[in-house]
Amino acid sequence: MCKQPKHEQTKTDWLESLRHEARMLVHELDVTPGVRRLFEGRIRQDDYVYYLIQTYQYVRWSEGFFTGSGERTKREGGNPVLADLLFQKAREERGHEQWLLKDLKALGWTQERVERAPICPAVRAYVEWNRFTTQSGVPTAFLGTAYVLEYLSVNRAPGSVDRLVAESGIPNIAKAVLFLRGHGAADGDHVADLESELRKVTSAEEQAALLLSARTTRTLFPKFFREP
């Protein structure tokens with residue numbers, strides 16, 4: 001019987017492990033009451049505002065993390081394909097924090113008020129973890145974070161938008177779903193494209209770093225929402 005080459009087995013196993021982290025994030029959010037209410041369109045306005053504020057406080061860094069990671073990858077002689085992918089992801093993220101500010105403005109929050117709002121510990125940990133990998137760790141690790149979040153968006157954002165508009169009763173809600181609508185529409189292609197590129201990752205160090213970042217995001221993300 002012809003055995004699959006060892007490096008091919010490793011490549012398949014690590015990518016399946018990455019998918020597992022993404023699937024587990026969706027599952028854990030589905031059973032977290034505060035998040036489930038968002039997915040079902042039953043979230044209260046103050047809890048939705050809290051979610052948007054915390055999301056703004058991490059999304060605002062995404063473009064810079066992608067760019068910084070790409071620059072380090074190139075500077076240190078890393079995989080040029082992954083460096084280009086990081087720059088591409090930076091372009092895709094450009095302006096997404098503005099969607100969140102517009103959503104919050106539709107709900108009566110100025111940018112100044114948003115900036116003064118407290119940042120939860122989980123968001124602080126997420127930002128500092130990704131800042132570390134960008135500046136001092138394996139610079140391509142942020143792609144693991146991107147993968148699980150884009151997988152979440154494509155699997156939950158479109159339905160959440162429809163239910164929020166139909167069921168939440170939040171005043172002006174139809175003008176406060178730009179972020180969810182935008183990610184749900186774009187991230188389907190992004191997930192497929194990202195998987196295609198990540199199949200080319202053969203470095204065991206990079207594979208482990210991407211998986212660790214994905215797992216860290218899965219651990220922290222449910223705490224971005226206010227407890228019921």
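Note that the numbering runs from 1 along the sequence shown for the chain. All values below come from the heavy atoms of this structure, side chains included, with hydrogens, waters and symmetry mates left out. A quick note: this is a predicted structure, and the numbers were derived from the prediction, not measured.
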For the pair Glu71 and Lys74, find out whether any cationic side-chain nitrogen is under 4.0 Å from an anionic carboxylate oxygen.
no
Do NZ/NE/NH1/NH2 and the carboxylate oxygens of Arg218 and Glu28 come within less than 4.0 Å?
yes
Please report the C-alpha distance between Tyr56 and Glu115 in whole Å, then the side-chain angles of each, then the deciding distance to 0.1 Å, and finally whether the side-chain hydrogen bond (donor to acceptor under 3.5 Å, both in side chains) criterion is met.
CA-CA 9 Å; Tyr56 167 76; Glu115 300 285 1; 2.6 Å; yes
From CZ (Phe142) to OG (Ser62), nearest 0.5 Å
4.5 Å
So how far is it from Leu52 CG to Leu107 CG, rounded to the nearest 0.5 Å?
6.5 Å
[X] side chain vs [Y] backbone, donor-acceptor pair below 3.5 Å:
X: Asp47; Y: Ile43; answer: no
X: Arg163; Y: Phe39; answer: yes
X: Arg72; Y: Gly137; answer: yes

Could you tell me if [Y] and [X] have a donor-acceptor pair between their side chains, going purely by distance under 3.5 Å?
X: Tyr147; Y: Glu21; result: no
X: Gln45; Y: Tyr50; result: no
X: Thr140; Y: Thr73; result: no

Using side-chain contact (heavy atoms from CB on, under 4.5 Å), reason through Ser213 and Thr216 one step at a time and then give a plain yes or no.
CA-CA 5 Å; Ser213 276; Thr216 300; 5.5 Å; no
Are more than 12 heavy atoms, taken from residues, nucleotides or ligands other than Glu205, located less than 6.0 Å from that residue's CD atom?
no
Stepwise side-chain hydrogen bond (donor to acceptor under 3.5 Å, both in side chains) check, Ser203 with Asn79:
CA-CA 10 Å; Ser203 162; Asn79 188 326; over 6 Å; no
Any chance you could lay out the side-chain contact (heavy atoms from CB on, under 4.5 Å) test for Arg116 and Gln111, step after step, and finish with the verdict?
CA-CA 9 Å; Arg116 291 196 304 268; Gln111 181 172 351; over 6 Å; no
Trp129 versus Leu212, closest heavy-atom pair with distance
CH2-CD2, 3.7 Å
